[in-house]
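These notes concern the structure reproduced below.
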Amino acid sequence: MRYGIFSDVHANLEALEAVAKSLKAEQIDRYFCIGDLVGYGANPNECVDKVRSLAALSVAGNHDWASVNLFSMKYFNPEAADAILWTRQRLNPESTNFLEALKLIFLNEDFTLAHGTLDNPQEFNYLLDGFSAWETFQLLKTKVCFIGHTHIPLVFIKDKSDEVYIEKDDIINLAEDKTYIINAGSVGQPRDGNPQASYCIFDTQDKEVRIKRVSYDFKKARKKIIDAGLPKFLGDRLLSGK
Ligand code: ZN
């Protein structure tokens with residue numbers, strides 16, 4: 001199986017189309033999204049449609065749930081809250097139904113998906129360090145867990161002596177005696193200093209996960225955000241990837 005896995009689209013259609021095009025050239029069998037389809041960007045309905053057209057199974061992100069009143073906005077900074085209010089006013093009934101139906105966790109025989117963490121996933125906490133990784137490893141029932149939420153691609157590894165360490169490699173060869181939490185980074189709003197859209201390919205035959213990046217029309221996505229009356233900062237940060 002070859003899985004195409006991506007996260008944090010954030011209503012950035014230009015970035016999502018670039019990722020979908022790259023994945024289409026990679027003999028992907030199934031697509032998965034780790035949440036935050038909407039929020040920040042100017043094309044929430046179009047991005048929901050695109051994810052649906054890929055038949056991508058998605059889990060819920062905090063922005064998805066906040067956009068359909070399933071998660072409190074008190075945890076959002078002012079720009080993010082503005083974007084949620086903007087998004088709420090524009091979501092069509094099909095997009096609303098889709099986002100309302102998203103579940104917090106998905107797992108199959110090969111991997112688990114959660115937007116933030118496996119412990120208390122409804123709180124959407126950030127998995128940033130060894131300690132928070134440990135909590136998720138305790139609950140992990142598959143070899144690999146894919147997460148998003150921080151918008152920074154990163155790999156947490158637990159070895160057979162229960163030691164947890166962090167790697168930044170973009171090619172991860174899965175070892176027999178280790179388990180993994182892999183942050184897929186963000187399609188629509190990367191924050192690791194690289195503005196290119198981030199996504200993952202998991203090849204179960206090769207036992208390999210690759211974190212890949214693709215360029216897209218950042219300026220067009222930025223202009224749409226500003227023209228839509230969304231906070232200018234949300235457009236500007238697409239250019240720097242921060
Ligand atoms: Zn996000």
Side-chain angles (χ1 to χ4, degrees), residues 1-8 19 22-23 26-36 56-62 103-187 190-194 196-214 241-242:
M1 271 291 215
R2 279 172 69 79
Y3 297 114
I5 303 169
F6 55 90
S7 191
D8 294 272
V19 166
S22 301
L23 284 169
E26 292 268 9
Q27 292 88 43
I28 298 300
D29 298 301
R30 280 201 73 187
Y31 296 90
F32 292 87
C33 174
I34 322 171
D36 278 2
L57 189 142
S58 183
V59 292
N62 49 323
K103 303 279 189 294
L104 289 164
I105 291 172
F106 167 83
L107 81 162
N108 64 14
E109 66 279 16
D110 294 317
F111 61 85
T112 303
L113 301 179
H115 188 65
T117 58
L118 285 183
D119 54 303
N120 300 310
Q122 76 286 354
E123 291 178 4
F124 299 105
N125 294 313
Y126 290 94
L127 201 162
L128 287 164
D129 53 24
F131 180 76
S132 46
W134 175 255
E135 306 267 306
T136 282
F137 275 124
Q138 293 302 102
L139 296 166
L140 185 59
K141 293 186 172 69
T142 56
K143 185 170 191 63
V144 187
C145 181
F146 289 95
I147 60 166
H149 199 28
T150 66
H151 300 203
I152 296 171
L154 207 58
V155 186
F156 298 85
I157 301 169
K158 184 162 78 75
D159 65 18
K160 62 172 183 265
S161 55
D162 274 354
E163 201 145 337
V164 174
Y165 55 99
I166 298 173
E167 276 187 3
K168 278 193 172 166
D169 282 354
D170 47 14
I171 299 176
I172 306 121
N173 290 298
L174 304 176
E176 208 59 54
D177 53 0
K178 292 174 181 162
T179 49
Y180 299 82
I181 300 168
I182 299 173
N183 193 313
S186 170
V187 171
R191 289 181 194 156
D192 61 339
N194 176 356
Q196 294 182 315
S198 181
Y199 62 99
C200 285
I201 296 171
F202 179 12
D203 189 312
T204 57
Q205 198 103 50
D206 294 348
K207 298 184 172 56
E208 182 187 84
V209 177
R210 281 177 186 257
I211 302 176
K212 304 192 86 170
R213 306 301 283 259
V214 61
K242 277 188 183 159

- prompt: Counting N and O atoms only, with roles assigned by atom type, does the side chain of His151 sit under 3.5 Å from a partner on the main chain of Pro190, one being a donor and the other an acceptor?
  reply: no
message: I need the minimum non-hydrogen distance between Ala197 and Val187, along with the two atoms involved.
response: CB-O, 3.3 Å
- prompt: Quick one: does Leu57's side chain get under 4.5 Å of Arg30's, heavy atoms only?
  reply: yes
message: What's the separation between atom CG in Leu139 and atom CG in Asn120, rounded to the nearest 0.5 Å?
response: 9.0 Å
query: In Å and rounded to the nearest 0.5 Å, what is the CD1 to SG distance from Ile5 to Cys200?
result: 6.5 Å
- request: Can you see which heavy atom on Gly4 is nearest to which on Ile28, and at what distance?
  value: N-CG2, 3.4 Å
message: If you define the side chain from C-beta out and look only at heavy atoms, does anything of Ile147 sit under 4.5 Å from Thr117?
response: no
message: Is there a side-chain contact between Thr150 and Leu127 in this structure, where contact means two heavy atoms from C-beta onward sitting under 4.5 Å apart?
response: no
message: Within the 4.5 Å heavy-atom criterion, are Ser198 and Ile211 side-chain neighbours or not?
response: yes
message: Strictly distance-based, threshold 3.5 Å: is any side-chain N or O of Thr204 a donor or acceptor partner for the main-chain N or O of Met1?
response: yes
Validation row: Tyr3, Val144 side chains within 4.5 angstrom (heavy atoms): no
Under 3.5 Å: donor-acceptor pair, side chain of Thr142, backbone of Asp110: no
query: Given Phe32 and Phe111, is the ring pair (Phe, Tyr, Trp, His ring centres under 6.0 Å) satisfied, shown in steps?
result: CA-CA 11 Å; Phe32 292 87; Phe111 61 85; 5.0 Å; yes
message: Using every non-hydrogen atom in the two residues, find where Ser22 and Val214 come nearest and quote the distance to one decimal.
response: OG-CG2, 3.5 Å
- prompt: Does some side-chain heavy atom of Leu23 sit less than 4.5 Å from a side-chain heavy atom of Phe6?
  reply: yes
- request: If a pair satisfies salt bridge (charged side-chain N to carboxylate O under 4.0 Å, His left out) and one of its residues is in residues 201-213, list it, with sequence neighbours excluded.
  value: Arg2-Asp203, Glu26-Lys212, Asp192-Arg213, Glu208-Arg210
- line: Of all heavy-atom pairs linking Ile157 and Phe137, the shortest is C-CZ, 3.9 Å
field: Minimum-distance pair of heavy atoms, taken over all atoms of Leu140 and Cys145
entry: CD1-CB, 3.5 Å
message: Any side-chain to backbone donor/acceptor pair from Asn183 onto Gly148? Under 3.5 Å, distance only.
response: yes
Identified side chain to side chain contact (heavy atoms under 4.5 Å, CB included) counterpart of Phe146 within the set Thr112, Val59, Ile34: Ile34
Listed once per pair and sorted, the salt bridge (charged side-chain N to carboxylate O under 4.0 Å, His left out) pairs that draw on residues 126-150, sequence neighbours left out: none
field: Side-chain donor-acceptor contact under 3.5 Å, Ser132 with Asn125
entry: no
Please tabulate, for the side chains in residues 161-175, all donor-acceptor contacts under 3.5 angstrom to protein atoms that are two or more places apart in sequence or on a different chain.
| residue | atom | partner | partner atom | Å |
| --- | --- | --- | --- | --- |
| Ser161 | OG | Asp159 | OD1 | 2.9 |
| Asp162 | OD1 | Lys158 | NZ | 3.1 |
| Tyr165 | OH | Lys178 | NZ | 3.3 |

message: A quick test of your reading: do over 12 heavy atoms of other residues, nucleotides or ligands sit less than 6.0 Å from CD of Glu176?
response: no
- request: Kindly say whether Phe124 contributes a backbone atom to a donor-acceptor pair with the side chain of His149 at under 3.5 angstrom?
  value: yes
